[in-house]
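Worksheet: the structure to be examined is printed underneath.
Treat the numbers as computed from the prediction; the structure is a model and nothing was measured. Nothing fancy with the numbering, it's 1 onward along the sequence.
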Amino acid sequence: MIDNTIKDQLLKHLKGGEAFMSIDELLEKISFKSIGDRPVGLPYSFYEIFYHIRFAQRDILDFCISENYILPNWPADYWPLENTATSKKEWKELKENFISERIALSNFIEREDVDLLAVAKHGEKQSILRELMLVIEHNAYHTGQLALILRLLGLH
């Protein structure tokens, strides 16, 4: 019973928006034309932050469920080389991948056989709960940055 209550709460927080605007809502507020703009004084664009969020989320998903997990290089692999997507198609795919991987994490959480306190598939001591909390915290942290970028660009 307690495990299901915790899983339900994890699912709510994974989707975001419990105490702040969700990434989904923020994505609706920015146009492709603006994703690469870096507000004055900030070293990153909306695109760069969102790319990083998606990459980290995917990395943790793979760490928990992939058969052949390969540890990415930090920080090089976690950040894009450019401040914007090269095409609308690339931007659309990035958003779709983020959402589909978040759904995959949700489906993983909902599985009856998933023990939140068990060690993650490729972990040494890292529990599944720890990994899920990392995704939630990391996404929430950077969601705030996305909101700030939108405000500084005059889009929110």
Side-chain angles (χ1 to χ4, degrees), residues 1-30 32 35 44-150 156:
M1 182 67 159
I2 271 200
D3 199 41
N4 286 337
T5 302
I6 292 170
K7 285 184 176 189
D8 289 344
Q9 199 62 52
L10 287 170
L11 291 166
K12 286 178 186 176
H13 285 285
L14 183 62
K15 187 160 185 178
E18 286 288 292
F20 49 84
M21 188 177 292
S22 70
I23 289 177
D24 302 63
E25 292 173 280
L26 294 170
L27 288 169
E28 291 174 13
K29 294 186 176 290
I30 192 154
F32 176 72
I35 63 170
Y44 42 74
S45 66
F46 192 98
Y47 170 78
E48 288 168 291
I49 294 294
F50 184 68
Y51 177 100
H52 173 70
I53 292 169
R54 184 270 164 162
F55 190 93
Q57 177 179 269
R58 178 67 209 200
D59 178 39
I60 293 173
L61 173 64
D62 288 345
F63 185 76
C64 288
I65 68 172
S66 175
E67 291 301 320
N68 302 307
Y69 176 74
I70 298 171
L71 181 66
N73 294 315
W74 171 260
D77 291 340
Y78 288 81
W79 294 94
L81 297 175
E82 302 296 329
N83 66 317
T84 193
T86 57
S87 67
K88 286 184 179 182
K89 181 180 184 233
E90 179 187 335
W91 176 235
K92 181 181 179 204
E93 287 173 357
L94 181 67
K95 293 185 292 184
E96 288 171 349
N97 287 337
F98 169 80
I99 291 170
S100 68
E101 291 156 5
R102 187 177 63 191
I103 290 169
L105 271 171
S106 295
N107 291 341
F108 175 67
I109 292 168
E110 290 176 322
R111 285 181 20 200
E112 291 290 325
D113 65 325
V114 170
D115 175 2
L116 296 174
L117 299 179
V119 173
K121 186 172 201 135
H122 296 281
E124 293 175 17
K125 293 182 182 178
Q126 304 95 326
S127 72
I128 292 169
L129 179 61
R130 175 198 181 268
E131 296 305 307
L132 296 171
M133 290 303 298
L134 277 177
V135 172
I136 291 165
E137 290 177 352
H138 187 261
N139 287 3
Y141 174 82
H142 288 300
T143 297
Q145 291 177 322
L146 293 176
L148 178 63
I149 290 170
L150 286 179
H156 175 64

Atom CG in L81, atom OG1 in T86: separation rounded to 0.5 Å?
-> 11.5 Å
Going through the checks in order, is the side-chain contact (heavy atoms from CB on, under 4.5 Å) test met by I49 and W79?
-> CA-CA 8 Å; I49 294 294; W79 294 94; 4.1 Å; yes
Rounded to the nearest 0.5 angstrom, the CD1-CD1 distance for I128 and I60 is 13.0 Å
Could you check if a side-chain atom of R58 sits within less than 4.5 angstrom of a side-chain atom of F98, using non-hydrogen atoms only?
-> no
Is the closest basic N to carboxylate O distance between D8 and K12 below 4.0 Å?
-> no
Among all residues two or more places apart in sequence or in another chain, which pass the ring-ring contact (aromatic ring centres under 6.0 Å, His included) test with F108?
-> none
Does S100 use its side chain to pair, donor to acceptor, with the backbone of N97 at less than 3.5 Å?
-> yes
Non-neighbouring partners of H138 that pass ring-ring contact (aromatic ring centres under 6.0 Å, His included), sequence neighbours left out = H52, H142
Quick one: which residue pairs count as a ring-ring contact (aromatic ring centres under 6.0 Å, His included) with a foot in residues 114-137, not counting sequence neighbours?
-> Y69-H122
Min side-chain heavy-atom separation K29-M21 under 4.5 Å = yes
For Y78, what residues pass the ring-ring contact (aromatic ring centres under 6.0 Å, His included) criterion, not counting sequence neighbours?
-> F55, W74
Side chain Q57, main chain N139, donor-acceptor under 3.5 Å = no
Could you note down all residue pairs passing salt bridge (Lys or Arg N to Asp or Glu O under 4.0 Å) where residues 120-130 supplies at least one of them, sequence neighbours left out?
-> E67-K121
Listed by chain and number, what are the ring-ring contact (aromatic ring centres under 6.0 Å, His included) partners of F46, not counting sequence neighbours?
-> none
In Å and rounded to the nearest 0.5 Å, what is the CG to CG distance from N107 to L105?
-> 9.0 Å
At what distance, to the nearest 0.5 angstrom, does CD of Q9 lie from CD1 of I136?
-> 9.0 Å
D113 CG: over 12 foreign heavy atoms closer than 6.0 Å = yes
Determine yes or no for a side-chain-to-main-chain donor-acceptor pair under 3.5 angstrom, with K7 supplying the side chain and S106 the backbone.
-> no
Other residues, nucleotides, ligands: >12 heavy atoms within 6.0 Å of E110 CD = yes
What are the two closest heavy atoms between A120 and C64, and how far apart are they?
-> CB-SG, 4.2 Å
List the steps, then state whether side-chain contact (heavy atoms from CB on, under 4.5 Å) holds for L71 with F63.
-> CA-CA 8 Å; L71 181 66; F63 185 76; over 6 Å; no
Main-chain N/O of S45 paired to E48 side chain as donor or acceptor, under 3.5 Å | yes
Would you say the side chain of L10 lies within less than 4.5 Å of the side chain of L116, judging by non-hydrogen atoms?
-> yes
Between CD of E28 and CG of D24, what distance do you get to the nearest 0.5 Å?
-> 7.5 Å
Please test F50 against K95 for side-chain contact (heavy atoms from CB on, under 4.5 Å), starting from the C-alpha separation and ending with a verdict.
-> CA-CA 9 Å; F50 184 68; K95 293 185 292 184; 3.9 Å; yes
The single option from M133, E131, Q126 passing side chain to side chain contact (heavy atoms under 4.5 Å, CB included) against L129 | M133
F32, CZ: over 12 other non-hydrogen atoms inside 6.0 angstrom | yes
Would you mind reporting whether L132 and L14 have side-chain heavy atoms less than 4.5 Å apart?
-> no
Would you say the side-chain atoms of Y47 and E90 include a donor-acceptor pair closer than 3.5 Å?
-> yes
Side-chain touch L150/L26, heavy atoms, less than 4.5 angstrom | yes
With a 4.5 Å limit on heavy-atom distance, are the side chains of E96 and I99 in contact?
-> no
Stepwise side-chain contact (heavy atoms from CB on, under 4.5 Å) test for L148 and H156 | CA-CA 9 Å; L148 178 63; H156 175 64; over 6 Å; no
Indicate, with yes or no, if the rings of Y51 and W91 have centres closer together than 6.0 Å.
-> no
CD1 of I70 to CG of D59, rounded to nearest 0.5 Å, is 11.0 Å
